[in-house]
Amino acid sequence: FFLLTNIKTSSSEILFAGDRAPDVVSNAYPNLEQKDNAVNVPGLLSRKKQLIPAFMAAMNYI
């Protein structure tokens with residue numbers, strides 16, 4: 001996982017690779033479209049407060 005945050009648009013792009021990575025991302029952010037091992041997440045600005053809790057919850061379901 002690699003997170004690129006754009007402060008100007010208040011969004012982040014998550015780049016991912018690996019066998020289970022698409023499953024983690026789709027469970028963490030189910031309503032967003034994945035394209036070319038990447039997903040744009042509007043409103044995602046904090047790794048500690050937003051990304052990690054969503055990923056931890058998603059990994060509990062895989």
Side-chain angles (χ1 to χ4, degrees):
F1 299 101
F2 191 77
L3 183 70
L4 302 163
T5 301
N6 186 336
I7 299 298
K8 290 182 180 181
T9 62
S10 295
S11 66
S12 293
E13 185 90 9
I14 301 172
L15 308 176
F16 53 89
D19 294 333
R20 304 301 297 249
D23 297 332
V24 172
V25 173
S26 65
N27 283 333
Y29 301 101
N31 298 325
L32 301 177
E33 179 184 351
Q34 296 180 16
K35 184 177 179 185
D36 299 327
N37 290 337
V39 64
N40 188 333
V41 184
L44 178 62
L45 297 175
S46 172
R47 291 184 306 265
K48 182 171 69 174
K49 294 180 182 178
Q50 294 174 295
L51 180 73
I52 298 303
F55 272 22
M56 294 304 291
M59 288 183 202
N60 287 331
Y61 293 106
I62 294 178

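Only this structure's heavy atoms are used, side chains among them; waters, hydrogens and symmetry mates stay out.
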Residues Ile14, Leu51; criterion side chain to side chain contact (heavy atoms under 4.5 Å, CB included); working and verdict: CA-CA 10 Å; Ile14 301 172; Leu51 180 73; 3.8 Å; yes

Verdict with supporting geometry, Ile52 and Met56, side chain to side chain contact (heavy atoms under 4.5 Å, CB included): CA-CA 6 Å; Ile52 298 303; Met56 294 304 291; 4.0 Å; yes

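In this structure, Val39 is a member of the same hydrophobic cluster as Phe1, with clusters built from ILVMFWY side-chain heavy atoms closer than 4.5 Å.
Among residues two or more places apart in sequence or in another chain, the side chain to side chain contact (heavy atoms under 4.5 Å, CB included) test is passed with Ala38 by Glu13, Leu15. Here Pro42 pairs with Leu32, Asn40 under the side chain to side chain contact (heavy atoms under 4.5 Å, CB included) rule; sequence neighbours left out. Applying the side chain to side chain contact (heavy atoms under 4.5 Å, CB included) rule to Met59 yields the partners Val24, Phe55; only residues at least two apart in sequence or on another chain are considered. Here Arg47 pairs with nothing under the salt bridge (Lys or Arg N to Asp or Glu O under 4.0 Å) rule; sequence neighbours left out. Under the rule for a side chain to side chain donor-acceptor pair (under 3.5 Å), the partners of Asp23 that lie at least two apart in sequence or sit in another chain are Arg20.
Pairs engaging residues 13-52 under the ring-ring contact (aromatic ring centres under 6.0 Å, His included) rule: none recorded [sequence neighbours left out]. Within the structure, the salt bridge (charged side-chain N to carboxylate O under 4.0 Å, His left out) test picks out no pair touching residues 30-39 (sequence neighbours left out).
No donor-acceptor distance shorter than 3.5 angstrom exists from the side chain of Gln34 to the backbone of Val25, with no hydrogens or angles considered.
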Residues 2-11, side-chain donor-acceptor partners within the protein, below 3.5 Å, at least two apart:
{"from": "Thr5", "atom 1": "OG1", "to": "Ser12", "atom 2": "OG", "distance (Å)": "2.9"}
{"from": "Asn6", "atom 1": "OD1", "to": "Lys8", "atom 2": "N", "distance (Å)": "3.0"}
{"from": "Asn6", "atom 1": "OD1", "to": "Thr9", "atom 2": "N", "distance (Å)": "3.3"}
{"from": "Thr9", "atom 1": "OG1", "to": "Ser11", "atom 2": "OG", "distance (Å)": "2.9"}

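When every heavy atom of Ala58 is checked against every heavy atom of Ala28, the shortest pair comes out as CB-N, 3.5 Å.
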